[in-house]
Amino acid sequence: MTTDLTATDMTHLRRCLELAAEALKDGDGPFGSVLADRDGNALQEDRNRETSTGDPTAHPEFALARWAGVHLDPETRAGATIYTSGEHCPMCSAAQGWSGVGRVVYIASSAQLTEWRAGWGADESPVRALPIQEVAPAIEVVGPVSELVDEIRTLHRTAAGA
C-alpha cells in the first residue's frame with residue numbers, strides 16, 4: 001500500500017524509529033511519532049509513555065492529534081501529517097479524525113504487529129486492531145513502509161521478550 005515517499009517522509013519516519021527505541025529504553029512500548037506541516041517541517045514529536053507515566057492512553061499519536069487540535073488552525077491541520085512507527089490503534093485513529101490532521105504515514109501495520117506478537121507468544125492487545133480508515137475514513141493513509149519494517153519489528157520483538 002506504500003506510495004512513493006519523499007526524502008522528508010523518510011527522515012521523519014527514521015526519527016519515529018529513534019523515538020520508539022527511546023520509549024523501549026524507558027520501559028514503554030516501542031512507538032514514536034512526528035507531526036509535520038504541509039511543507040514537511042516537524043512541529044511536534046512524542047513517544048509512547050504508557051508505562052513510564054502509568055497512563056495506558058499515553059500514545060504519541062493521540063498526544064500529537066490533541067496538540068494539533070489546540071495549536072493549529074483547521075487548514076493547517078488538514079495539510080499536516082502524523083508520521084508514526086506503527087499504524088494507529090482505534091483510540092489514536094479517532095483522535096486524529098476528530099482533530100482534522102489529514103494524513104498519516106506509518107511504518108508497520110496493526111495487522112503486522114498483531115501477527116508478530118502472536119508468533120512470539122505475546123499478550124494480545126486489549127483493543128481490536130482496526131485499519132485507520134475504518135475508524136476515520138477521511139484520513140489519507142500511507143503504509144506500511146517496507147524499507148523500515150525490519151527495524152521496528154526488531155524493537156517490538158525486544159519489547160515482547162522474544
Side-chain angles (χ1 to χ4, degrees), residues 1 9-36 42-72 77 80-101 103-136 139 141-162:
M1 183 167 171
D9 292 330
M10 295 302 288
T11 296
H12 291 315
L13 290 171
R14 289 186 197 292
R15 179 63 183 145
C16 291
L17 286 168
E18 292 170 357
L19 291 164
E22 185 180 304
L24 180 61
K25 183 180 173 204
D26 284 348
D28 293 302
F31 293 89
S33 301
V34 174
L35 173 68
L43 302 173
Q44 193 76 0
E45 62 181 36
D46 205 354
R47 62 173 184 79
N48 249 21
R49 298 174 189 280
E50 78 284 348
T51 301
S52 60
T53 64
D55 178 359
T57 68
H59 297 190
E61 307 88 353
F62 189 85
L64 295 181
R66 291 185 72 189
W67 186 91
V70 171
H71 295 93
L72 303 176
R77 289 194 307 266
T81 299
I82 293 180
Y83 294 91
T84 190
S85 57
E87 184 175 16
H88 296 359
C89 72
M91 174 186 72
C92 295
S93 296
Q96 185 169 344
W98 284 113
S99 74
V101 174
R103 181 174 178 246
V104 63
V105 180
Y106 64 81
I107 296 172
S109 71
S110 295
Q112 287 172 306
L113 180 57
T114 299
E115 182 180 317
W116 299 337
R117 291 182 55 77
W120 300 323
D123 292 339
E124 288 186 27
S125 172
V127 176
R128 181 179 302 160
L130 297 172
I132 292 167
Q133 289 184 315
E134 282 194 33
V135 178
I139 297 172
V141 177
V142 178
V145 178
S146 59
E147 302 95 298
L148 301 175
V149 165
D150 286 343
E151 292 178 58
I152 196 62
R153 184 177 188 270
T154 297
L155 292 174
H156 281 286
R157 183 174 49 237
T158 299

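Every heavy atom of this structure was used, including side-chain atoms; hydrogens, water molecules and symmetry mates were not. Computed from a predicted structure; not experimentally measured.
The two atoms that bring Asn48 and Pro60 nearest to each other are OD1-CD, 2.8 Å, heavy atoms only. Closest approach of Glu61 and Ser33 over heavy atoms only: CG-OG, 3.5 Å. Here the closest heavy-atom approach between residue Leu24 and residue Pro30 is recorded as CB-CB, 4.2 Å. Considering every non-hydrogen atom in both Ala136 and Gly97, the closest pair reads CB-CA, 3.9 Å. Considering every non-hydrogen atom in both Ala68 and Leu35, the closest pair reads CB-CD2, 3.9 Å. Summarising the geometry of Ser125 relative to Val127, their closest heavy-atom pair is OG-O, 2.9 Å, with the distance given to 0.1 Å.
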task: Start with the C-alpha gap between Val104 and Ile132, add the side-chain angles, then the distance that decides, and say whether side chain to side chain contact (heavy atoms under 4.5 Å, CB included) holds.
output: CA-CA 9 Å; Val104 63; Ile132 292 167; 3.5 Å; yes
query: Given the rule in the side chain to side chain contact (heavy atoms under 4.5 Å, CB included) test, do Val105 and Thr81 qualify, once you have shown the distances and angles that lead to the verdict?
result: CA-CA 7 Å; Val105 180; Thr81 299; 3.9 Å; yes
- request: Decide yes or no on side chain to side chain contact (heavy atoms under 4.5 Å, CB included) for Trp116 and Ile152, but give the supporting numbers first.
  value: CA-CA 11 Å; Trp116 299 337; Ile152 196 62; 4.2 Å; yes
message: Please evaluate residues Asp9 and Arg14 with respect to the criterion salt bridge (Lys or Arg N to Asp or Glu O under 4.0 Å), reporting the C-alpha separation (whole Å), side-chain torsions for both, the decisive distance (0.1 Å), and the verdict.
response: CA-CA 9 Å; Asp9 292 330; Arg14 289 186 197 292; over 6 Å; no
- prompt: When you look at Trp120 and His156, which way does the side chain to side chain contact (heavy atoms under 4.5 Å, CB included) test go after all the steps?
  reply: CA-CA 10 Å; Trp120 300 323; His156 281 286; 3.9 Å; yes
field: Chi angles and distances behind the salt bridge (Lys or Arg N to Asp or Glu O under 4.0 Å) call for Glu124, Arg117
entry: CA-CA 7 Å; Glu124 288 186 27; Arg117 291 182 55 77; over 6 Å; no
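Using modelled atom types and a 3.5 Å distance limit, the side chains of Asp55 and Thr53 yield no donor-acceptor pair. In this model, no donor atom of one side chain and acceptor atom of the other lie less than 3.5 Å apart for His59 and Glu50. Between the side chains of Ser52 and Asp26, not a single donor N or O lies within less than 3.5 Å of an accepting N or O.
Expressed to the nearest 0.5 Å, how far OG of Ser99 lies from CZ of Phe62 amounts to 10.0 Å. For the atom pair OG1 (Thr114) and CD (Glu87), the distance works out to 9.0 Å, reported to the nearest 0.5 Å. Considering CG of Leu72 and CD of Gln44, their distance stands at 9.5 Å, rounded to 0.5 Å. Distance check, rounded to the nearest 0.5 Å: CZ of Arg66 to CG of Asp46 gives 11.5 Å. Here CD of Glu134 is found 10.5 Å from OG of Ser110. Values are rounded to the nearest 0.5 Å. Remark: Met91 CE to Gln96 CD distance equals 12.5 Å, nearest 0.5 Å.
Shown here is Trp98, whose CH2 atom has no more than 12 heavy atoms of other residues, nucleotides or ligands within 6.0 Å. Summarising the local packing, CD of Glu18 is surrounded by more than 12 heavy atoms from other residues, nucleotides or ligands at distances under 6.0 Å.
At least one donor-acceptor pair closer than 3.5 Å links the side chain of Gln112 to the backbone N or O of Ser109. The backbone N or O of Ile139 lies less than 3.5 Å from a partner atom in the side chain of Gln133, making a donor-acceptor pair. Distance alone, capped at 3.5 Å, places no donor-acceptor pair between the Arg103 side chain and the Val141 backbone.
Contact of the Phe31 side chain with the Leu113 side chain is registered, since non-hydrogen atoms from C-beta on lie closer than 4.5 Å. With a 4.5 Å cut-off on side-chain heavy atoms, Glu45 and Leu64 do not count as touching. Looking only at side-chain heavy atoms (C-beta outward), Val34 and Ile82 stay at 4.5 Å or farther from each other.
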